[in-house]
Visitor: 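Sharing a structure below in structure tokens format, with a few things to ask.
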Amino acid sequence: MNILTFGPNGSGKGTQGAIIKEKYGIDHIESGAIFREHIKGGTELGKKAKAYIDRGDLVPDEITIPMVLETLAKSKQKGWLLDGFPRSLAQAEALDKALKAAGMQLDYVVEIVLDRQIAKDRIMGRRLCANDNNHPNHIAFDAIKPVEKDGKLVCRVCGGALSARADDQDEGAINKRHDIYYDDKTGTMAAVNYFKKLMGAKVLSVDGSKGIKEVSALIMKQLP
Ligand code: AMP
């Protein structure tokens with residue numbers, strides 16, 4: 001089963017992606033997380049991408065598109081869930097072309113719909129686990145609140161160290177990311193509409209203002 005997920009930063013898309021990955025045993029391919037791994041590892045790609053990411057700008061397509069398509073081609077699981085890509089109409093067209101060329105089918109498009117102001121308020125409270133990107137932690141949500149250990153907040157799943165992403169604490173960077181997401185001419189909403197119009201994949205649009213469990217139930221009842 002191959003899935004594309006869409007949702008503004010702060011919509012809980014990563015959290016839902018982790019739940020779907022767990023249930024179906026598919027690869028969770030997150031473009032932003034791949035970039036952060038490169039930055040952590042000090043690779044050439046990471047060095048090139050960092051300034052864009054810190055500002056909340058898109059990393060140029062000549063870096064992003066091959067990086068994601070190569071990861072997709074290497075996936076050895078029984079399917080994948082692509083998260084954070086495509087983020088523009090141009091990326092949507094490149095992905096569609098690559099999937100067709102590889103004879104890969106897209107089964108579902110999951111769109112988490114959320115008001116821009118709510119998404120913005122949510123971004124600042126999320127925390128990243130040093131051990132596993134798929135361990136959700138958020139200081140404002142009881143269901144995924146970090147736990148306290150020796151006076152410090154640590155990952156609720158594994159006790160790992162937590163950090164906040166620099167681009168999540170910078171209002172300018174948050175606004176830029178949302179400008180890109182809600183742009184329906186060439187931005188991410190244009191990519192969403194592109195895949196909605198394509199024949200083949202089933203589109204699920206769910207209300208992201210609900211709690212994590214409710215959103216998850218809304219998605220799961222429409223997946224096989
Ligand atoms: P995310 O973790 O999805 O919020 O992504 C963090 C940052 O990585 C974004 O603000 C962009 O700078 C970069 N990035 C992630 N995915 C893409 C993409 N599909 N195209 C261009 N840049 C991206």
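Keep in mind that what you see is a predicted model, and the values were worked out from it rather than measured. Sequence positions, counted from 1, serve as the residue numbers for this chain.
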Visitor: Scan Asp167, Asp57, Asp183 and name whichever one has a salt bridge (Lys or Arg N to Asp or Glu O under 4.0 Å) with Arg177.
Guide: Asp167

Visitor: Do the non-hydrogen side-chain atoms of Met104 and Trp80 ever get within less than 4.5 Å of each other?
Guide: yes

Visitor: I'd like to check Gln91 versus Val68 (side-chain heavy atoms, cut-off strictly below 4.5 Å). Are they in contact?
Guide: no

Visitor: Let's go through Ser209 and Leu114 carefully: what are the C-alpha distance in whole Å and the side-chain angles of both, what is the deciding distance for side-chain contact (heavy atoms from CB on, under 4.5 Å) to 0.1 Å, and is it a yes or a no?
Guide: CA-CA 6 Å; Ser209 70; Leu114 190 64; 3.9 Å; yes

Visitor: Determine whether more than 12 heavy atoms belonging to other residues, nucleotides or ligands lie under 6.0 Å from atom CD of Glu22.
Guide: no

Visitor: For Tyr52, look at atom OH and say whether over 12 heavy atoms of other residues, nucleotides or ligands are found less than 6.0 Å away.
Guide: no

Visitor: State, to 0.1 Å, how close Ile19 and Ser216 come at their nearest heavy-atom pair, and which atoms those are.
Guide: CG2-OG, 3.7 Å

Visitor: Between the main-chain N or O of Asn175 and the side-chain N or O of Arg116, is there a donor-acceptor pair closer than 3.5 Å?
Guide: yes

Visitor: Considering only heavy atoms from C-beta outward, does the side chain of Asp27 approach that of Leu81 to under 4.5 Å?
Guide: no

Visitor: Could you give the distance from CD1 (Ile3) to CD1 (Ile20), rounded to the nearest 0.5 Å?
Guide: 5.0 Å

Visitor: Roughly how far, to the nearest 0.5 Å, is the CG atom of Leu69 from the CG atom of Leu72?
Guide: 6.5 Å

Visitor: Using side-chain heavy atoms (C-beta onward) and a distance below 4.5 Å, is Leu82 in contact with Thr5?
Guide: no

Visitor: Using 0.5 Å steps for rounding, measure from the NZ atom of Lys50 to the CZ atom of Arg36.
Guide: 12.5 Å

Visitor: Does Ser205 reach the main-chain N or O of Val110 with its side chain, forming a donor-acceptor pair under 3.5 Å?
Guide: no

Visitor: Should Lys23 and Met220 count as side-chain neighbours, where that means a heavy-atom distance under 4.5 Å?
Guide: yes

Visitor: Taking Arg55 for its side chain and Gly172 for its backbone only, find out whether a donor-acceptor pair lies under 3.5 Å.
Guide: no

Visitor: Taking C-beta and beyond as the side chain, do Val154 and Glu148 meet within less than 4.5 Å on heavy atoms?
Guide: no

Visitor: If every non-hydrogen atom of Lys210 is compared with every non-hydrogen atom of Val215, which pair is closest and at what distance?
Guide: O-CG2, 3.6 Å

Visitor: Following the transitive rule for hydrophobic clusters with a side-chain heavy-atom cut-off under 4.5 Å over Ile, Leu, Val, Met, Phe, Trp and Tyr, establish whether Leu4 and Leu58 coincide in one cluster.
Guide: no

Visitor: For Lys48, I'd like to know if atom NZ has over 12 heavy atoms of other residues, nucleotides or ligands within 6.0 Å.
Guide: no

Visitor: Membership question, hydrophobic clusters at under 4.5 Å side-chain separation (ILVMFWY): are Ile123 and Phe6 in the same one?
Guide: no

Visitor: Is the shortest side-chain N to carboxylate O distance from Arg87 to Asp61 below 4.0 Å?
Guide: no

Visitor: In Å and rounded to the nearest 0.5 Å, what is the CD1 to CD distance from Ile219 to Glu214?
Guide: 12.0 Å

Visitor: Please report the shortest heavy-atom distance between Arg127 and Ile139, naming the atom on each side.
Guide: NH2-CD1, 3.5 Å

Visitor: Verify, without hydrogens or angle tests, whether Ser75 (side chain) and Thr71 (backbone) share a donor-acceptor contact under 3.5 angstrom.
Guide: no

Visitor: List the atom of Asp107, the atom of Met1, and the distance in Å for their closest heavy-atom pair.
Guide: OD2-CA, 3.3 Å

Visitor: Do Leu45 and Met67 pass the side-chain contact (heavy atoms from CB on, under 4.5 Å) test, and can you show the C-alpha distance, the side-chain angles, and the key distance before you say yes or no?
Guide: CA-CA 9 Å; Leu45 192 153; Met67 177 188 87; 3.8 Å; yes

Visitor: For the residue pair His135 and Cys158, what are the closest heavy atoms and their distance?
Guide: ND1-SG, 3.5 Å

Visitor: Could you see if Leu198 belongs to whatever hydrophobic cluster contains Leu99? Use Ile, Leu, Val, Met, Phe, Trp, Tyr and a side-chain cutoff under 4.5 Å.
Guide: yes

Visitor: Do any pairs count as a salt bridge (Lys or Arg N to Asp or Glu O under 4.0 Å) and have a residue in residues 6-18, sequence neighbours left out, and if so which ones?
Guide: Lys13-Asp83

Visitor: Please check: side-chain N/O of Asp168 versus main-chain N/O of Gly125, any donor-acceptor pairing under 3.5 Å?
Guide: no

Visitor: NZ/Lys47 to NE2/His38 distance, rounded to the nearest 0.5 angstrom?
Guide: 12.5 Å

Visitor: Check step by step if side-chain contact (heavy atoms from CB on, under 4.5 Å) holds for Val157 and Cys129.
Guide: CA-CA 9 Å; Val157 182; Cys129 169; over 6 Å; no

Visitor: Using the rule that two of Ile, Leu, Val, Met, Phe, Trp, Tyr join whenever any of their side-chain heavy atoms come within less than 4.5 Å, decide whether Leu204 and Ile26 are in one cluster.
Guide: yes

Visitor: Yes or no on side-chain hydrogen bond (donor to acceptor under 3.5 Å, both in side chains) for Asp96 and Tyr194, after CA distance, side-chain angles and deciding distance?
Guide: CA-CA 10 Å; Asp96 183 27; Tyr194 180 93; 2.7 Å; yes

Visitor: Using a 3.5 Å distance criterion without hydrogens, assess whether the side chain of Glu171 forms a donor-acceptor pair with backbone atoms of Lys120.
Guide: no

Visitor: Is there a side-chain contact between Ile174 and Met124 in this structure, where contact means two heavy atoms from C-beta onward sitting under 4.5 Å apart?
Guide: yes

Visitor: Report yes or no: do Asp121 and Gln117 form a side-chain donor-acceptor pair below 3.5 Å?
Guide: yes

Visitor: Report the C-alpha separation of Asp184 and Tyr182 in whole Å, then their side-chain angles, then the decisive distance to 0.1 Å, and conclude whether the side-chain contact (heavy atoms from CB on, under 4.5 Å) test is met.
Guide: CA-CA 6 Å; Asp184 61 3; Tyr182 291 100; over 6 Å; no

Visitor: Quick one: do Lys176 and Asp179 make a salt bridge, cutoff under 4.0 Å?
Guide: no

Visitor: Check whether Glu111 reaches the backbone of Val203 with its side chain - one donor and one acceptor, N or O, closer than 3.5 Å.
Guide: no

Visitor: Hey, what do you get for CD1 (Ile63) to CD (Glu44), rounding to the nearest 0.5 Å?
Guide: 10.5 Å

Visitor: If you measure only the distance, is there a donor-acceptor pair under 3.5 Å linking the side chains of His178 and Asn9?
Guide: no

Visitor: Quick check: closest heavy atoms across Pro224 and Tyr108, and the distance to 0.1 Å?
Guide: CD-OH, 3.4 Å

Visitor: Are Gln105 and Asn2 linked by a side-chain donor-acceptor pair shorter than 3.5 Å?
Guide: no

Visitor: Are any non-hydrogen side-chain atoms of Asn137 and Cys155 less than 4.5 angstrom apart?
Guide: yes

Visitor: When hydrophobic residues are tied together by side-chain contacts of less than 4.5 Å, even through go-betweens, does Phe195 share a cluster with Phe85?
Guide: yes

